[in-house]
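Here the structure comes first, spelled out in structure tokens, and everything after it is commentary.
Lettering of chains follows the sequences in order, A, B, ..., and the numbering in each one begins at 1. Note that the structure is predicted; figures quoted are calculated from it, not measured.
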Amino acid sequence: MITGTPKPIEEVLEMLEPYDNIIVAGCHGCVTVCRVGGEKEVQVLASTIRLAREAAGNKINIKEVSLERQCDPEYVESMRPYVGDYQAVLSIACGAGIQFLAEKFTTTPLLPGINTGFLGVTERQGEWAERCQGCGDCVLHLTGGICPVTRCAKSLFHGPCGGSVRGICEVDKEIKCGWQLIIDRLKALGQMENYGKLKPYKGWSSARDGGPRRIIREDMIS
Amino acid sequence: MLPCTGRIDEALLLAAFENGADGVMVIGCLEGDCHYISGNIRARARVERVYKILEQIKIGPDRIRMYNLSAGEGERFASYANAFVDQVRNLGPSPINLVRSTNAQSAVQTAVQGEAT
């Protein structure tokens, strides 16, 4: 899922200073699962903003909405009939959702209520960890299901660097060496032969280095 | 009336302050004695989150507190309730209620002046 963390309330209140009639918009997708931008978070954030603003003698009217997904046009369009009645939209979806709202509602300022994090997994309740950087050229079949792009701090492709000590990355004592994890896993699977099958070089043109990416599925375009 | 403090969430607690509460007292069953296993533990975490929110927006974190009691501790309930009411009285009206009362007074004054002229 796409993860995120709430922006500090002081930062949110500062963003909202010019406005007294806004929408707080959540999303039922990833940000609901990681409990940063779902329906409940919309209620809590809206209530917090109303209390802070009224205590400061500067009341604000808030419409609370939560879309099925802020990254799909059919759900975003459901806001169109009323979005123009408000001065701004504070979205607590991921950065993609916020930008999509901004693209669709060109005359309404869009404000981010969260800091979008990474593509990750829930390791335990309240703790998420990065697993994928969306490089566009997956090699997990050769690396025991452990991503060298994400799990190695340097995104190396041919084994651990000199900074790997007893399975720990030199970047942080809390980070396991991605390549140590890969080699341990390949050994456990009896697939060490895959270690030599990695490509001689990694092409990054399908990753962010090629600029903003686009996927076109001709078979799905109607 | 809620069957379990586990039903309480942050929005419900904040709504109490929006609706004019100067303080909110949450009373759950004794920890380890929840009929629904962990309702009171969940409630404690939610109360702690609201405590932090009230601190951040300067409403005053001491306006919310959770206690744990069994159904047979009526006397202790009374003593907790009295202590919490004293605590909130010492804090005075919440900033929300101060603003509302000032606004109400101004509205009355304006109306009186309007009638006089």
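Only the side chain of B:Ile59 has a heavy atom closer than 4.5 Å to any heavy atom of chain A. With a threshold of 4.5 angstrom between heavy atoms, A:Leu51 approaches chain B through its backbone and through its side chain.
The residue among B:Ala11, B:Ala15, B:Pro95 with the most heavy atom pairs within less than 4.5 Å of chain A is B:Ala11.
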Next on the checklist: Working note: A:Ile9 + B:Ile57, criterion side-chain contact (heavy atoms from CB on, under 4.5 Å); need CA distance, chi angles, decisive distance, verdict.
Outcome noted: CA-CA 8 Å; A:Ile9 189 65; B:Ile57 61 174; 4.1 Å; yes
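Surrounding CZ of A:Phe105 are more than 12 heavy atoms belonging to other residues, nucleotides or ligands, all under 6.0 Å away. At most 12 heavy atoms of other shown residues, nucleotides or ligands fall within 6.0 angstrom of atom CD1 in A:Ile215. Surrounding CD of A:Glu174 are at most 12 heavy atoms belonging to other residues, nucleotides or ligands under 6.0 Å away. By the 6.0 Å contact criterion, CG on B:Leu91 is enclosed, its count of non-hydrogen atoms from other residues, nucleotides or ligands being greater than 12.
Here the rule is side-chain contact (heavy atoms from CB on, under 4.5 Å) with A:Val44, and of B:Leu12, B:Leu14, B:Leu13, B:Val50 only B:Leu14 fits it.
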Which atom pairs, one donor and one acceptor, sit under 3.5 Å between chain A and chain B?
{"from": "A:Ser47", "atom 1": "OG", "to": "B:Glu18", "atom 2": "OE2", "distance (Å)": "2.5"}
{"from": "A:Arg50", "atom 1": "NE", "to": "B:Glu18", "atom 2": "OE1", "distance (Å)": "2.6"}
{"from": "A:Arg50", "atom 1": "NE", "to": "B:Glu18", "atom 2": "OE2", "distance (Å)": "3.4"}
{"from": "A:Arg50", "atom 1": "NH2", "to": "B:Glu18", "atom 2": "OE2", "distance (Å)": "3.1"}
{"from": "A:Glu54", "atom 1": "OE1", "to": "B:Arg100", "atom 2": "NH2", "distance (Å)": "3.0"}
{"from": "A:Glu54", "atom 1": "OE2", "to": "B:Arg100", "atom 2": "NE", "distance (Å)": "2.6"}

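Heavy-atom neighbours of chain B within the stretch residues 81-97 of chain A, taken at a separation under 4.5 angstrom, are nonexistent.
Minimum heavy-atom separation, A:Ala55 to B:Val99: O-CG2, 3.6 Å.
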